[in-house]
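Have a look at the structure below, then the notes.
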Amino acid sequence: MAAGVGTIPALVTEPRFAQHLRQRLEEAQLLDTRYRLQKVPGGSVALPVLEGKAAEQWLQDNELQGLSCRLLQIQDPVPSKAASMQPPAQKLRCELRRLLLEVGESWSEELECDVPRTWQRHGDLVLLSEDSFSAALWAKLGPVLWETVASALGAQRLAKRGRVLPDKMRSPSVTLLLGHNSWVEHVDNGIRYTFDVTKCMFSPGNITEKLRVASMQCSGEVLVDLYAGIGYFTLPYLVHAAAAFAHACEWNPHALEALKRNLALNGVQDRCQIHAGDSRQLQLRDVADRVNLGLIPSSEEGWPVACRVLKKGTGGVLHIHHNVEARPVPPVRKDEQRLPEESSSEQEDEEHRGSEEMESSGQEVLAARVRPEWWSWAEAAAARIRGLLTELHSQPWQTRILHIEAVKSYAPHVHHVVLDLECRPAPPT
C-alpha cells in the first residue's frame, strides 16, 4: 500500500508486545524515531517504521516468537518529543539516512562529511554552501533529495551557492534547486532587504558593520555610498542613522532593481537618489558629509571620487573598507605570561604618565588596540587621501584616523576592516 499525504508505515501489535517489538525494531534500525508510538482503533499499538517494504521483509525474515503484528498506514502521526527538540543539522542527517534506507543505499563517512552543518536562511528559502552535497550518490536521488532537505530544514525553497564569478560585479553563481521564484526577503536590525538570490550577494558576516552604521549620529548629513549594492549600508544610514539624504551608486542592473525595491520597502525612497553606472564616472562634487566605500578587497579606485564629493569647505568622514593581510599572532610562552611586579607607587606613577601620554595623543591609544599591519595600512591610506585632497583643492588638508573596525575574517590571516578617516581643510596659518 502506498503511503498517502499525512500517512506513514507502522507495525501494529498488542500492547503487551509493544516494548519487545520496539526493541527489535531499534536493533534492526527500522524504528522511525521521528514519531511516537500511538494507539489505534481496537486497542492495538502502532510503532512507526522507516520504510514499509523493508519492515515487511524484516517480518518475513525474522522469527518473532509468537508476536502478532501486521503492517499498515497510520494517518497524521504525532511527532516524538526527541524529534521536536532535534537541532536542524541533526534532523537533516536523520532524514537523509531514512531516505537512503528507502532507496536501498547505505550511509557512509563520505556522505556524513558532505552534509552541511550551516546554511543561510532568507525567509522560506535556504541557501546551501557550495561544498555540500557534492558526492555522486546525491545526484542519483533526483528531486526527492531536495524535497527531503527542505522539509528537514523547514524551508519551502532551496538553492545552492557556487563560486563567485570572476567578473567586475562579483556576481554570485547560485542554482535554485527547489521552487520557482528566486526573490527572497531578509530582515536585519529591522531593515527589510529583498533581492534575487541567484543574481545578488548578501553577506551575513557584515551584520556587525551594519549595526555600527545604524548607531552613528548622521542627522542632517548627506551620504554618498559609492558601492551601494542592494542597499546594504545605504539603508542603515537612512533608516537608523537618520542621514538627511543619500546618493547611492551602483552598476549591477540586478542590484539596482533590488535597491529600488528596498528603498521603497523601507519608506526612504524620497531621501535617496540612485546613480546607475560606474561610480568612477560620478559627476557629483562638493556634496557629501560622509562617504561609504564598501568594496573589498579594495576600494582604492574610488578614493579620488570620494575626495571630489566631500564638501570642500568643511570636509567630512570617509568609511574605507579594505582586506588587510596580517601575520599570525604567535602564542605566548608560559615563561612570558607573567611580567615583573612593580611596587604600588611605581605602578601608579607609570599609569599617571601613561594617562597623560594617551590624552595627548589619541592616535597612540588607537594604534595600540589594533594589529600593526592594520595601522600601517590605515596610515598609508590617510597619507594618500591627504595628498589627493591637497592636490584637488590646491590647499593643505588634514586627515585623522578616528577608528579601525574589524568586520570579519576574509581568509587565513586576511581581515576585512573599515577605516573611519576624518578629512578637513587645514586651518589657515
Side-chain angles (χ1 to χ4, degrees), residues 2-9 29-30 32-35 48-54 73 76-77 79-80 83-165 171-187 193-204 254 258:
V5 176
T7 66
I8 62 165
Q29 296 186 343
L30 284 174
D32 192 341
T33 56
R34 297 173 301 162
Y35 305 104
V49 291
L50 287 174
E51 205 278 319
K53 291 181 181 178
Q73 302 293 323
D76 299 324
S80 67
S84 62
M85 298 174 64
Q86 222 174 21
Q90 185 179 343
K91 184 177 181 181
L92 176 59
R93 279 163 172 72
C94 289
E95 292 293 307
L96 292 171
R97 283 174 178 266
R98 179 187 61 79
L99 175 62
L100 289 178
L101 181 63
E102 288 181 358
V103 299
E105 298 286 353
S106 58
W107 193 253
S108 67
E109 187 175 343
E110 179 192 9
L111 297 180
E112 175 71 29
C113 296
D114 209 28
V115 178
R117 284 176 167 77
T118 60
W119 45 83
Q120 286 184 29
R121 185 180 295 275
H122 303 291
D124 67 354
L125 183 144
V126 163
L127 181 60
L128 303 170
S129 59
E130 63 180 277
D131 57 352
S132 61
F133 296 108
S134 56
L137 176 59
W138 301 121
K140 297 179 183 178
L141 299 178
V144 69
L145 168 64
W146 306 126
E147 292 168 2
T148 301
V149 173
S151 175
L153 300 181
Q156 298 296 318
R157 296 176 292 163
L158 207 62
K160 184 180 178 184
R161 200 168 47 221
R163 295 191 179 278
V164 177
L165 299 178
S171 303
S173 173
V174 173
T175 304
L176 194 64
L177 304 171
L178 185 67
H180 302 288
N181 179 12
S182 53
W183 277 83
V184 300
E185 183 171 313
H186 189 97
V187 180
Y193 298 89
T194 185
F195 58 98
D196 185 338
V197 75
T198 66
K199 305 295 184 184
C200 302
M201 296 184 66
F202 189 93
S203 175
H254 303 294

Nearest non-hydrogen partners of K160 and E130, listed with the distance: CE-O, 3.4 Å
Residues which pass side chain to side chain contact (heavy atoms under 4.5 Å, CB included) with A89, listed by chain and number, not counting sequence neighbours: R93, W119
Pairs touching residues 143-156 that satisfy side chain to side chain donor-acceptor pair (under 3.5 Å), sequence neighbours left out: none
Greater than 12 external heavy atoms within 6.0 Å of E112's CD: yes
Minimum heavy-atom distance S106-L111, with the two atoms named: O-CD1, 3.9 Å
Pair E95 + K91: basic N to acidic O under 4.0 Å: no
Any donor-acceptor pair under 3.5 Å from R157 side chain to W183 backbone: yes
Side-chain touch W107/L101, heavy atoms, less than 4.5 angstrom: no
Close side-chain approach of L96 to V149, heavy-atom, < 4.5 Å: yes
Residue list, ring pair (Phe, Tyr, Trp, His ring centres under 6.0 Å) with F195, at least two apart or on another chain: H122, F202
R121 side chain to L153 backbone, donor-acceptor under 3.5 Å: yes
Backbone N/O of V184 and side chain of T194: donor-acceptor pair under 3.5 Å: yes
